[in-house]
Amino acid sequence: MSNLAKALNSARVRGWLYQGLFLACALAVAWYLVSNTLTNLSTRGVATGFGFLEREAGFEIGESLVSYSASDTYLKALAVGLLNTLAVSAAGVVLATVLGVLIGVARLSSNWMVSRFATLYVETIRNVPLLLQLVVWYTIMNRLPSPREALEVVPHVFLSNRGMKFPVLAEHAGHGWVLLALVAGIAAAIAAVRYGRRRREATGRPFPTLPLAIAAVLLPPVAAFVATGAPLAFDVPELTGFNFEGGGSVTPEFTALLVGLSVYTAGFIAEIVRSGILAVPHGQTEAALALGLKPAQILRLVILPQALRVIVPPLTSQYLNLTKNSSLAVAIGYPDLVSVSNTSANQTGQVVEAVAMMMAVYLIISLCISGFMNWYNRKVALVTR
Amino acid sequence: MSKDTRTDSTTTSAGATPAGAIPTGPVQPVTWAASYEEEPSQASVPPQPGGMTALKPFGWAKDNLFNTPLNTALTVACLAVLWYAVPPMANWLLLNAVWTGGSEICREAAGACWSIIAVKHRLIFFGTYPYDEQWRPFLACGLFVALLGASGVRAFWRPWLAGVWALVLVAMGVLMWGGVFGLTYVANDKWGGLPITLMLSVFSIAIAFPLSILLALGRQSSLPAIRTFCVGFIETMRGVPLVSVLFMASVMFPLFLPEGVTVDKLLRALAGMTLFTAAYLAEAVRGGLQAIPKGQYEAADALGLSYWQKTRLIVLPQALRIVIPPIVNQFISAFKDTSLVTIVGLYDLLTAATVATTDPEWRPFFAEVYIFAGLMFWIFCFSMSRYSQWLERLANRYNRR
């Protein structure tokens with residue numbers, strides 16, 4: 001056998017050969033695509049590069065968390081879009097988790113009627129496309145009466161086709177102190193919980209963690225509130241002319257998107273919570289009972305730590321899904337990242353840059369969320385050896 | 001699943017212990033096991049004379065609706081909701097509804113206006129397809145749904161099923177495009193509604209499936225260049241929203257092609273959806289690959305099989321059987337996701353429904369149209385999810401043996 005044949009027969013050499021071939025093909029395809037794109041762009045007279053980010057955007061954005069005007073740059077416009085995406089995603093994650101846990105627990109309820117209601121919810125919501133649900137929510141928001149005939153759902157909370165108006169706390173110097181006291185209280189509660197756990201693990205004696213933690217969180221802000229003279233003035237929305245003045249407000253687009261995303265994702269989270277709790281074997285509960293633990297202790301010390309281990313990984317992907325699904329905002333006119341990128345791409349013609357930036361930003365958000373949840377998952381996983 | 005838990009709780013709480021039976025063995029019926037929030041005391045096992053109470057309605061209601069104060073309160077709350085919600089809903093949906101006639105009658109009536117569906121159903125189902133030719137997409141969809149149903153039957157899981165699929169797809173192409181057998185030609189920018197939704201979802205899954213196997217194998221490969229490429233592709237696609245992939249497909253693909261070559265909107269959307277679905281499917285397939293015991297790989301190596309022989313004969317047949325349920329689940333999400341093509345200007349079921357609601361004459365009756373479109377999606381998705389649950393039970397039974 002010649003040397004060449006021997007070399008070709010070795011797995012290592014062939015591995016290198018295959019990889020070389022693969023890389024050559026990939027590079028050839030990439031070069032072909034890039035050269036086509038460059039030719040196409042130059043024949044259309046479109047500039048390349050990210051220089052456009054410094055130029056004036058020239059379009060208004062419906063709602064923004066920071067001040068923005070049409071004379072700001074594209075970079076700022078995209079940042080506004082990103083902030084809007086993050087805002088609706090963060091609010092959606094919280095709302096969907098609360099709703100999802102409630103419904104998941106309801107599905108496991110021993111009450112037949114409650115569990116049927118929860119099942120009906122899950123089976124309906126999960127089997128209808130999110131986009132359809134969003135369009136329905138948005139149509140409902142748009143066909144609400146005008147501000148003059150706004151629905152007053154609860155006193156001083158108005159729902160009209162301009163969105164939702166609600167009272168907000170009028171600003172007062174005392175609020176800063178209350179907030180500071182709350183932060184201090186939370187820190188104290190965390191310290192108490194940690195100390196309690198260490199002492200329990202070291203000595204086996206129980207520690208009144210929960211009452212102490214609640215007291216630590218609640219008492220300082222209340223004290224601060226009273227000490228600063230109980231500043232409780234509300235800025236209430238009032239109907240003046242054709243629209244409301246004062247109070248806080250959210251746009252119909254934001255409301256529709258937030259409600260749609262939360263309701264849809266909650267259906268999936270409910271199933272995750274349910275399967276997580278069911279995944280803890282009955283024997284665990286029996287063993288905990290045999291040890292003489294109380295029901296609340298069983299839930300907190302035995303069931304939840306094990307259920308969370310099952311729940312957290314799929315929950316992460318639901319949070320990611322919710323964030324990615326917030327891009328459907330473009331269909332109902334909420335100015336999120338996709339919508340702003342799309343407008344920028346249409347105005348400048350630099351679609352490649354716009355799409356690439358959009359994808360990169362979503363990738364970074366996804367990596368951050370999964371990084372955080374992986375960290376949390378490791379913490380939870382440690383509980384059970 | 002939910003059914004199982006329910007029967008569990010009824011039997012353990014009511015039927016399992018006959019009255020006076022002294023639990024002797026270590027195995028005892030545990031009432032509290034089904035719901036952790038409840039008081040786990042033996043007192044919550046009510047004495048059951050004869051052990052037959054579970055069959056009687058009062059006993060059943062007592063066990064399942066009024067067994068604790070909390071449950072009683074919840075039941076009363078649910079009944080109140082039903083009492084206030086059901087009569088108006090029934091009135092609106094059925095009793096006061098208008099089934100035929102023009103929009104004037106609907107505006108007078110207090111109930112739902114189902115005549116909008118009677119008037120607009122052709123638009124919702126088939127979009128802008130030429131009106132006189134709409135029997136063609138109807139027949140195509142019928143063939144398609146029938147074959148989809150038949151593919152779910154285990155007895156038909158034979159090699160010839162692939163042949164039947166190929167035949168039906170060709171028939172569908174002939175029906176939709178026409179231009180042969182005396183059928184007039186209909187360009188695919190006139191297609192719309194249900195055929196678009198069905199075809200995009202099935203084709204994207206069908207093309208993505210082989211691609212996903214390659215990607216999953218590549219991700220498990222020992223060759224770093226190939227592994228890096230596959231991981232990069234899969235993670236990128238899974239990290240970005242489908243909307244952005246569809247935008248990429250609709251605006252960037254034309255730039256990638258040499259001058260003068262154009263690909264139509266439908267194909268571009270299909271390409272985007274396929275790449276996206278392939279990444280998700282690849283992760284499902286990887287799950288299957290990882291579930292195969294290492295001994296199988298080693299045994300194949302010991303037999304002297306080459307990589308492709310090992311993959312084709314040993315690994316994939318076992319791995320793919322495991323991943324059938326996740327593939328069906330992926331199909332359900334692809335089916336729902338096809339509604340996003342409306343964002344890049346394709347005319348699917350949802351776009352058609354939205355267009356139907358914008359007719360000024362019928363503008364007030366958007367709810368009816370969306371309920372109808374939602375029901376269409378729901379029927380497909382719900383039946384497929386039930387099917388996937390059945391498949392999972394089947395797989396479990398198979399594995400246990």
Side-chain angles (χ1 to χ4, degrees), chain A residues 15 18-19 22-23 26 33 36-37 39-41 43 105 107-115 117 119 123-124 126-133 135-136 139 143 275 277-278 282 285-286 289 295 298-299 303 320 324-328 330-331 338 342 345 351-352 355 358-359 362-363 366-367, chain B residues 2 5-6 9 13 30 32-40 64-65 67-68 71 74-75 78-79 222-226 229 235-236 238-244 247-248 251-252 254-259 332 336-337 339-340 342-343 350 353-354 357 366-367 370 373-374 377-378 381-382 385:
Chain A
Y18 291 145
Q19 293 188 71
F22 176 80
L23 277 181
L33 295 181
N36 276 339
T37 309
T39 331
N40 281 324
L41 287 176
T43 49
V105 171
R107 274 203 81 176
L108 287 172
S109 165
S110 62
N111 186 319
W112 181 84
M113 213 172 238
V114 171
S115 73
F117 263 117
T119 310
E123 294 292 0
T124 313
R126 295 204 320 162
N127 287 316
V128 175
L130 173 60
L131 189 60
L132 177 62
Q133 297 185 27
V135 170
V136 169
T139 317
R143 309 241 175 141
S275 64
I277 294 178
L278 283 180
H282 289 171
T285 323
E286 292 167 34
L289 267 175
I298 296 178
L299 189 68
I303 294 167
L320 288 173
K324 286 184 280 175
N325 282 337
S326 71
S327 61
L328 297 188
V330 69
V338 173
N342 207 18
V351 284
V352 180
V355 171
M358 174 164 88
M359 287 186 148
Y362 274 107
L363 264 182
S366 297
L367 287 178
Chain B
S2 65
T5 48
R6 185 159 63 81
S9 66
S13 66
V30 270
W32 37 266
S35 60
Y36 302 103
E37 311 93 285
E38 279 178 33
E39 189 75 9
N64 292 289
L65 298 174
N67 52 350
T68 61
N71 270 349
L74 285 173
T75 306
C78 288
L79 284 175
S222 56
L223 308 176
I226 290 170
F229 175 83
E235 293 306 327
T236 309
R238 282 162 46 92
V240 300
L242 176 57
V243 174
S244 67
F247 271 133
M248 186 185 82
V251 298
M252 274 166 74
L255 293 175
F256 288 161
L257 297 170
E259 272 192 287
I332 298 173
K336 285 191 288 177
D337 283 346
S339 59
L340 302 199
T342 177
I343 291 170
L350 180 57
T354 313
T357 62
F366 68 96
Y370 286 135
F377 277 107
W378 188 85
C381 295
F382 183 72
S385 78

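In the text below, chain A, chain B and the rest are named by the order of the sequence lines, each starting its count at 1.
Residue contact with chain B, scored on non-hydrogen atoms closer than 4.5 Å, involves the backbone and the side chain of A:Thr37 alike. With a threshold of 4.5 angstrom between heavy atoms, A:Met358 approaches chain B through side-chain atoms but not through N, CA, C or O. Residue contact with chain B, scored on non-hydrogen atoms closer than 4.5 Å, involves the side chain of A:Val330 exclusively. In this structure, chain A has heavy atoms under 4.5 Å from both the backbone and the side chain of B:Leu223. Neither the backbone nor the side chain of B:Ser222 comes within contact range of chain A; no heavy atoms are under 4.5 Å apart.
Side-chain atoms of A:Leu363 and B:Val240, non-hydrogen and from C-beta on, do get closer than 4.5 Å to each other. Under the 4.5 Å side-chain criterion, counting only non-hydrogen atoms from C-beta, A:Met113 is in contact with B:Leu79. Side-chain contact between A:Leu328 and B:Ile343: present, with at least one pair of heavy atoms (C-beta onward) separated by less than 4.5 Å. With a 4.5 Å cut-off on side-chain heavy atoms, A:Pro129 and B:Leu350 do not count as touching. Using a 4.5 Å heavy-atom threshold, the side chains of A:Val128 and B:Cys381 count as separate.
Among A:Leu130, A:Leu367, A:Asn342, A:Leu320, the residue with the largest count of heavy-atom pairs under 4.5 Å with chain B is A:Asn342. When each of A:Arg126, A:Met359, A:Lys324 is checked for heavy-atom pairs under 4.5 Å with chain B, A:Lys324 comes out on top. Ranked by heavy-atom pairs under 4.5 Å with chain B, the list A:Val135, A:Thr124, A:Thr139 is led by A:Thr139. Highest contact tally toward chain A, considering only B:Gly374, B:Pro224, B:Ala373, is held by B:Pro224 [criterion: heavy-atom pairs under 4.5 Å].
The side-chain hydrogen bond (donor to acceptor under 3.5 Å, both in side chains) search around A:Gln133 returns none, not counting sequence neighbours.
Formation of a donor-acceptor pair under 3.5 Å by the B:Trp378 side chain with backbone atoms of A:Glu123 is found in this model.
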